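A note on names: the letters A, B, ... follow the listed sequences, proteins ahead of strands, and every chain is numbered from 1. None of the values given here were measured: they were computed from a predicted structure. As a basis for the values below, the full set of heavy atoms in this structure was taken, side chains included, without hydrogen atoms, waters or symmetry mates.
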Amino acid sequence: MSEPLVSVEDVKVHFPIKRGVVLDRTIGYVYAVDGVSLTIQRGETYGLVGESGCGKSTLGRGMLRLVEPTGGRVVFDGTDLSALRGENLRRMRRRMQMVFQDPLSSLDPRQSVESILVEGMRAHELDKGREETGKQLRELLSAVGLPSTALRKYPHEFSGGQRQRIGIARALAVKPDLIIADEPVSALDVSVQAQVVNLLEDLQEQFGLTYLVIAHDLAVVRHISDRVGVMYLGGLVEEAGSDELYAEPLHPYTKALLSAVPVPDPLVEDRRERILLTGDLPSPAAPPTGCRFHTRCPWRQAERCDTERPVLREILGGHRVACHFAEEIRDGKIRPHEVEPVLVHPDEVLIAPDAG
Amino acid sequence: MTITSRKARIDKLAENGDAGVSLVASAWRRLRRSPVFLVGAAIIVAFVLIALLSPLLAPHDPSATLLLDQVSKAQNKIPDPQPGYPLGGDDQGRDFLSRLLIGSQQTLMVGVLATLFGLAGGLVLGTLAGALSGWVDTVVMRIVDVMLSIPSILLAVSIAALFVHPNQYTVIVAVAIVQIPVFARLLRGSMLAQRASDHVLAARALGVKPGAIVFRHMLPNSLSPVIVQATIVLATSIIDAAALSFLGLGNPDDSVPEWGSMLGRSQGLLDSHPELSFWPACCIIVVALGFTLCGESLRDALDPKNRR
Amino acid sequence: MALLEVRDLTVQFRRRGEEPFTAVDGVSFDVDPGQTIGLVGESGCGKSVTSLAIMGLLPRKGNQVTGSVRFEDTELLSLSQSQMRDRRGRDLGMVFQDPLSSLNPVVSIGLQVTEVLERHRGMARKAAMVEATELLDKVGIPDPGRRLSEYPHQLSGGMRQRALIAMALACRPRLLIADEPTTALDVTIQAQILALLKELVTDTGTALIMITHDLGVVAGLCDEVNVLYGGRVVERAARHELFAEPRHPYTHGLLASIPRLDAPRGEKLVPIKGSVADNIPWDGACAFAPRCPNALDTCTQVTPEQESLANRLLRCHNPVEVTA
Amino acid sequence: MLRYTVRRLGQLVLVVLVLSLLIFAWLHSLPGGPVSALLGERATPESTRALTIQLGLDQPIFVQYWKFLLRALSGDFGVSLGVQPGASVVDVFLTRFPATIELSVCAIILAIVFGIPLGYLAARRRGGWFDNLSIGASLIGVAVPVFFLAFLLKYIFAVKLGILPSLGRQDAIDATRVTGFFVLDGLLTQEWDASLNALKHLILPSIALATIPFAVIFRITRAAVLDVQDEDYVRTAESKGLTTRVIRARHVLRNAMLPVVTTIGLQTGALLAGAVLTEGVFNFPGVGDALATGFRQHDYPMLEMLVLVAAIVYVLVNLLVDLSYALIDPRVRAK
Amino acid sequence: LTGCAQSQRGDQGGGGKTGGTLNFGLEGQPKLFDPFYANEGATFTVTHQIFNNLVTFKPGTTELTGDLASSYETAADGLSYTFHLRAGVKFTDGTTFDADAVCKNFTRWYNQTGAGQSEAVSQYWVDNVGGFADGKDPSLYKGCQAKDTSTAVVSVTKTSSQFLDLLAEAPFAIQSPTAMDKGKANEVKQQGDSFTFPDYSNAPVGTGPFKLAKNDVANKTIELVRNEDYWGEKAKLDKIIFKVIGDETVRKQELQSGGIDGYNLPSPADWSALETAGYQVLKRPVFNVLYLGVGQKNNASLRDLKVRQALAYAINRDQLVKTQLPAGAKVATQFQPENVDGYAKDVQAYNYDLARAKQLLNEAGASKLSVNFYWPSEVTRPYMPNPQNIYTAIANDLKAAGITVNAITKPWNGGYLTDVDQGKADLFLLGWTGDIPAPANWTGTFFASTTNRFGIGNSPWGQQLVDSLKAADAEPDTAKRTADYQDINKKLMSDYLPGVPLSHSPPAIVFKKGITGFVPSPMTSSEESYASVSLG
Ligand SMILES: Nc1ncnc2c1ncn2[C@@H]1O[C@H](COP(=O)(O)OP(=O)(O)OP(=O)(O)O)[C@@H](O)[C@H]1O
Ligand SMILES: Nc1ncnc2c1ncn2[C@@H]1O[C@H](COP(=O)(O)OP(=O)(O)OP(=O)(O)O)[C@@H](O)[C@H]1O
Ligand SMILES: [Mg+2]
Ligand SMILES: [Mg+2]
Ligand code: NI
């Protein structure tokens, strides 16, 4: 352990916004991921949380080069992924897999489970003869807790939890090192959610996998992750071991997020002091200047927060935070205050000030 | 800005179909219970059977002027129904029933070939645009836009008029070309939707080769709106071909009978010999109705809204 | 006397060529003024159908509603369509799950709010506009005057939900039904909306039926919680009792399968086996039996009746023992 | 909005240029053409050759196109060869365009006036006999070739029953021409019977022309109303206890109209094409007839102009629809 | 036809009440109303009501008679013609008609310049008279001299059998010189691929029984009103409204629905139905010919007379005429009808004889003959009411004789005429409606040059035929000329056989019951007057 498997260095993914009279011009960018750096150790589970639209999925995809990062580097097991092209990249893909949120739409409706699973093996020449493959498939299915009769069926014949298992099996089929699970349980009923979470944990043990789990449900993330990164508007605002994060959130946003998660226990709920954020997530096409969070931050301080973008800095061992005043807030030197909500128009794509 | 034109409608169809494929079986189950579909399918099956078997069914050679001696322009006489000729003859003394029966072949051919050509062209262009994107996409779609900016019948008429040697194939080509941009746009729309879909992303993540992704994942899943459109095109191409004949741009040689031209040519005799127009018109209407019914019910069946 | 008395509410869907399907099966509960009642359960257990049945909003064809829904002295189920219209929006308000699709995209927010005022309070357009501005302000929409002339797509998700709530509350209904009002929203926004609802309920004394699948939401908000499974209430208790000692294996299982932020890490979750799709019809069995860890033979032979225990109602042959 | 309009107009210029080149090249590579149109069957090889040289038709095609383009830019599209030989193509177009506009407007009005209410009723009575009947009728309406229907209508109402005129735009009555729109002219000059007469002449052709747009509008309306009826916001409106009238008008119909408006635009554009099939049957002197005749007689200058104009009109109509769409749909308006 | 012929204009037609409007279905939109620049029937139908010629044909016949010239004579050498003009005639613009006016018309024709010289513009002049004053091409016309106000002498450069007849043709109608000057009648311009005409062409001034009142292009109607100052018997109708209806079926339906009172060229298929329904179908005497042209340019086998004869024997013309052609149609024995000078009675006949045809083919070593067969789509001509049906019938006959037939069909103006003119066709369907009863207008036109459609230059007799036609045309002695033409016709059928004459079909015109006074002319509508027509 503690040998990095992946390291992400200042990755940026900007989606161009195009518009034009006859030919399209780029008039601005959606700053979906805007300078994220993190490392994932071999064998650990790294959790990524944040509100909808903050760029979690895009980061995950950028890491696998499923979207082309605009900047930065992703180093996987010593190889710089951004330098890979064509066949080399394709071969590399075997080692890093993805599990998706929507279990149905991520499975090709026209393919049987068998061909879904075999496809990846074939792409990487892992299918060695009929029998061998058959055996592998059965092992795979039993690993994810599906009967071997499932092979001949089609995705729509399964329940949501079972579909998610198929998705996981597909990722496992190529014997990857890293699995990026993008909201693997969000679409599932609570009871089934637990089954899948347990399955992921079991598989990690069994195959020695490394996970990047993306979710917006803090409780789930905290439950399965060793380390958690909190994203806000394209950037990582805090990163810490899962227990530390809960015990002592340093970033105002994390604090608010944690306090907003309802807990199924009236005793806790009644006693709880909430930090209610006002307003909505700003548009990633026109992110606020300075600290991205300053428009909603109850601890915001004049000038600095509005103008200077805080970098992620290590405060305690392994606890990194991107806030100018993290220590002051922790120590109670700065008190929270009222925040006037800023209106956010969701569909309006504004031209970012720095886009020219 | 939503572009709410024919293009947009095509795109919309593409979206709908995207989600519709997954339950082909259940769509089929719904189809089988739909009376609309059954009527349509029955018509089509009957029509295809007639077309295939017509050489056996037709009592006479459709181009032989067997009853020519009963024809007289001067007295406006055409052969009446008589033993062996249940529907009588046409204005050249050819057996009308045989012409109607054999005419189904040509009509089927027009419908099927025009649709196939249109489909093939659309598939090629749409796949190119949808799979390659970038400048290929831009170029292809600009061409498609130009074609779509002329009303379809007009385009068909223009194309048909441009052939030096009009014959049955030029009609097919004219009707088919008009369909190409429709199919292309439709397919590109679905392909783009597929490209963005999670299962294609998953395949890419698995390292499946790009060709395999296009042909195994994107294309098959993009086809259902195209198939619906194809059924409807079958109907419209038959009607369009008839319209071309009517405008005098069809196959001028009627030794090979075809309903559209039979109808077009007999309009002048409508009051003295209405049956000469009536039968081909009926045939066209019924067959077009058959395809339309099938297409409509197929569209309904594949509509994700109707899925439970 | 209760504000709303639901007795034996049963909703059956009938489709041509298909078996009739009972989505809600003899649900009974009371709501008192100012009280907040929770209906929880997994997807498909009949929460929405129950609420729609109370509001008289089920599709006109293809279903059969029996039982009784008394609102004060009126039997809602026997009201005519037009009588029901007079009630809805005035006495009964409702908030739906998806704020975007629940707002008419081509009608301005202002008109969508004022139309209720015009309808039920007979206000003129001008006066209604003034009132609407206040309403929007009350639900926490900044710069409400300007919002009135805007359209739903111009608002963010949270703002839309606030607008919906404003509409539901426009005529100060005595009962508000909120059907998963926060499911489509982010946690931070969810917290805002829940706080808003709580505040409104306490301020106006409106009774609230809160429908959700999130036990956490219920834990902080409801006075009494009904747990639904397969269209029936399987357990009902005041929230402290329910969370402290869940008796029904289903409730128990739900609680055990949710990862908790405040629980120590490293503990495995205990999922309920199978999924909702595995439930069986209630007649002659317990619908939960196939998934139940406590299942006995009787569970598949006898329909469990609703029992009234000291502090709760329970529908189970073999409830979970109270620990400690 | 403006930006969008400019963009579409820019595209239109492109379309028209490409189209003009295509049409020109294609038409001019065909045999026959002006020479045989002008000389007719009396032509001799010698006279043909002479005329070809005189008209400059022996020059390379791009030279001819360039000349055509220059002339076209100055508004001169040449002289008709077959439709109305000897008359300037632009003049022919200008006398005939009002006819087609009148006809199309009538047809689309018919289609709308019947299509939308019937579609709405059918949706409300979904599955009932009225619904099934009208769906059946609309399906058949689409399957009947337009020209055949036109023929049938004329045969029944004009020839057999004699209650409506069978052809033309107006009887040869004394009518003052102001705008070229006969119905309008009658109103402007207060020659009521001229208007009435012109209207009567419009009835049959516009019914024939209206069938397909009617069927389409009907079905789209029906589908849209059905869709919208199940939308969440209609349920919201219900939950607010609004009156049925308000719900139908404000929440159901207004939303259902969005796709219908698009359809109306598309169909109006397509009417031009439909006119090619009906005008001939009714000897209606519009551009559709000119097109059909032009094709039959290879009246190249006429065709070049008409096809271009058709494309332009079609694109403009669609643009107009998009803009009107934006008027109804705030989501579009915003951008 | 030499010597003096007294005109008896306006004494036929008998009774019939005066007044009223005739609605008439015209088959095409007149291009313009200046007949000199026109070349098709629809225009002439109208202009013939507005203008008079110096001479004309007696109604219903091919016999020449005076019109604006009350009498005329031809000089003995055939090189000049003297016209004695009617006195007291005025153009409708008030200009007096006199010899000067006549000569001004001739001068105008002869002095065309620029675009006016194009064959596409002054087709009748170029085809029949030849060149213009600038002398680039030889011209038949030499000059016109106004001897006194009522005598005009027109001289020609060589004798011509058809010159007088020509002057009776619609294009050579006498128009008002003042009006032509005022309207700049000669300013024809080339514009793009075609020609435009001056304003005068829409405001013609003649001496005829009617005047042009309105040409409503937008409504496709043309209105003529009676010329109240007409020099002869005044027209009975107040007004004629020509409705332009291109489609034959549409014309018929308009008649049936009462929108028009009559129309030109009803489809032969409708004749009997129309008659049964109570309409008058007036058949014109035959004045056309339909033939199967044989092109010798491409296909060497067709240069063999035996092969061409085999074709003639193989075609069952009797059946063709009986089944496909209108009532009154006749099998053609030669390239001209009976009522044209030079008709030969005893030409070689080719009665249907399949065996003979096969035998001839064998003898010629062409038993595997394969030909391309052109037929025009989308057109009907008076001599060819339905090209497709006629093609089908003939092709079936030829196939029966063992000939391989490859059908090629093209639109009339979209390649058919061009291809046929260029000699690409082995077999083609074509015909002719005569302008005048002079044989030079018939065989003289068909075979005027060796490079024509038939490609007769490929046979040794080609030049011979051309020369003999020229000689016959230039023969001043009428009897000798007739004999010459008869001889040519015989040779054409026995020795040359450049094509197979198929049929003569009478075109018809239809009127509502009760309309009287219309006299159909063999030369069809361009020689028919509506002055005597009455609504009954
Ligand atoms: N292909 C794309 N083109 C343009 N913008 C995109 C694209 N994909 C994502 N975005 C934008 O980038 C931002 C981040 O998106 P992303 O999907 O990564 O968010 P997320 O954190 O995964 O949200 P969620 O929880 O809803 O899945 C969003 O504003 C989104 O609209
Ligand atoms: N209109 C209807 N026709 C037929 N069945 C219906 C209809 N509406 C709901 N149902 C069925 O009734 C059952 C209960 O549905 P309901 O919408 O009440 O579930 P829910 O508890 O609200 O679930 P969710 O959490 O997914 O909203 C489901 O199985 C559903 O399929
Ligand atoms: Mg995401
Ligand atoms: Mg629900
Ligand atoms: Ni816009």
Side-chain angles (χ1 to χ4, degrees), chain A residues 49-54 159-162 188-198 201 216-225 242-243 246 253 256-270 272 274-281 296 340-348, chain C residues 42-44 140-143 146-147 150 153-160 185-192 194-195 213-222 239-240 242-244 250 253-265 267-278 291:
Chain A
V49 281
E51 282 177 283
S52 180
C54 70
S159 73
Q162 289 171 315
L188 304 176
D189 266 331
V190 266
S191 56
V192 181
Q193 183 177 315
Q195 298 168 0
V196 174
V197 166
N198 285 352
E201 288 181 335
H216 60 254
D217 187 336
L218 254 173
V220 171
V221 168
R222 194 192 84 99
H223 181 88
I224 54 173
S225 314
S242 146
D243 288 321
Y246 178 72
Y253 177 63
L257 205 57
L258 280 173
S259 81
V261 178
V263 174
D265 186 343
L267 299 172
V268 179
E269 284 289 307
D270 288 353
R272 190 144 135 166
R274 277 185 205 283
I275 304 165
L276 273 190
L277 290 181
T278 52
D280 308 292
L281 193 72
R296 298 167 80 192
E340 266 305 298
V342 176
L343 262 189
V344 175
H345 279 209
D347 294 344
E348 222 156 275
Chain C
E42 286 175 291
S43 191
I141 295 184
D143 196 2
R146 251 183 65 205
R147 295 314 129 214
E150 290 191 342
H153 71 277
Q154 293 171 292
L155 300 185
S156 67
M159 293 302 151
R160 287 176 199 144
L185 306 173
D186 273 316
V187 255
T188 55
I189 313 292
Q190 161 169 303
Q192 296 171 9
L194 290 179
H213 62 254
D214 189 338
L215 284 168
V217 168
V218 185
L221 190 66
C222 301
R239 64 174 172 145
H240 284 282
L242 187 89
F243 287 97
Y250 178 60
L254 278 184
L255 282 171
S257 62
I258 307 173
R260 286 177 54 160
L261 256 188
D262 56 341
R265 240 170 66 81
E267 226 172 75
K268 273 243 150 173
L269 299 177
V270 189
I272 308 174
K273 66 180 176 189
S275 69
V276 193
D278 297 327
R291 304 176 68 191

(message) Nearest 0.5 Å, please: how far is CG in C:L194 from CD in A:E269?
(response) 9.0 Å
(request) For chain C, find which of A:L218, A:V192, A:D265 contributes the most heavy-atom pairs closer than 4.5 angstrom. (result) A:D265
(request) Could you tell me which non-hydrogen atom of A:D189 sits nearest to which non-hydrogen atom of C:S43, and how far apart they are? (result) OD1-N, 3.3 Å
(message) Taking every non-hydrogen pair under 4.5 Å, which of A:D217, A:V261, A:V197 racks up the most with chain C?
(response) A:V261
(request) Sort out for me which of A:L267, A:D270, A:L281 touches chain C most, counting heavy-atom pairs under 4.5 Å. (result) A:D270
(message) Among A:D243, A:V196, A:V221, A:I224, which residue has the highest count of heavy-atom pairs closer than 4.5 Å to chain C?
(response) A:D243
(request) Might you point out which heavy atoms bring C:Q190 and A:P262 nearest each other, and give the distance in Å? (result) NE2-CG, 3.2 Å
(request) Kindly write out the residues that satisfy side chain to side chain donor-acceptor pair (under 3.5 Å) with C:T188, not counting sequence neighbours, or none if the list is empty. (result) A:E51
(request) Taking all heavy atoms of A:A260 and all of C:A191, pick out the closest pair and write down the distance. (result) CB-CB, 3.7 Å
(message) Using only atom types and a distance under 3.5 Å, with no angle test, would you say the side chain of A:Q193 pairs donor to acceptor with the backbone of C:S257?
(response) no
(request) Please answer whether the main-chain N or O of A:L277 pairs with a side-chain N or O of C:Q192 as donor and acceptor at a distance below 3.5 Å. (result) yes
(message) Restricting to non-hydrogen atoms, name the atom on A:P266 and the atom on C:F243 that form the minimum distance, rounded to 0.1 Å.
(response) CD-CB, 3.2 Å
(request) With a 4.5 angstrom heavy-atom cut-off, could you sort out which part of A:S259 is near chain C: side chain, backbone, both or neither? (result) neither
(request) Calculate, to the nearest 0.5 Å, the distance between atoms NE2 and NZ belonging to A:H223 and C:K268 respectively. (result) 7.5 Å
(message) Please classify the contact between C:I272 and chain A as side chain, backbone, both or neither, with a heavy-atom cut-off of under 4.5 Å.
(response) both
(message) Within the structure provided, determine whether A:V263 and C:R260 are in side-chain contact (heavy-atom separation under 4.5 Å).
(response) yes
(message) Do A:Q195 and C:L269 make a side-chain contact, defined as non-hydrogen atoms from C-beta onward lying under 4.5 Å apart?
(response) no
(request) Please determine, among A:I275, A:V190, A:N198, the option with the most heavy-atom pairs under 4.5 Å with chain C. (result) A:N198
(request) Give the member of C:L185, C:I258, C:I189 that has the highest number of heavy-atom pairs under 4.5 Å with chain A. (result) C:I189
(message) Heavy-atom cut-off 4.5 Å, strictly under: side chain, backbone, both or neither for A:R272 against chain C?
(response) neither
(request) Looking only at non-hydrogen atoms, find the nearest pair between C:R291 and A:S191 and report the distance. (result) NH2-OG, 3.0 Å
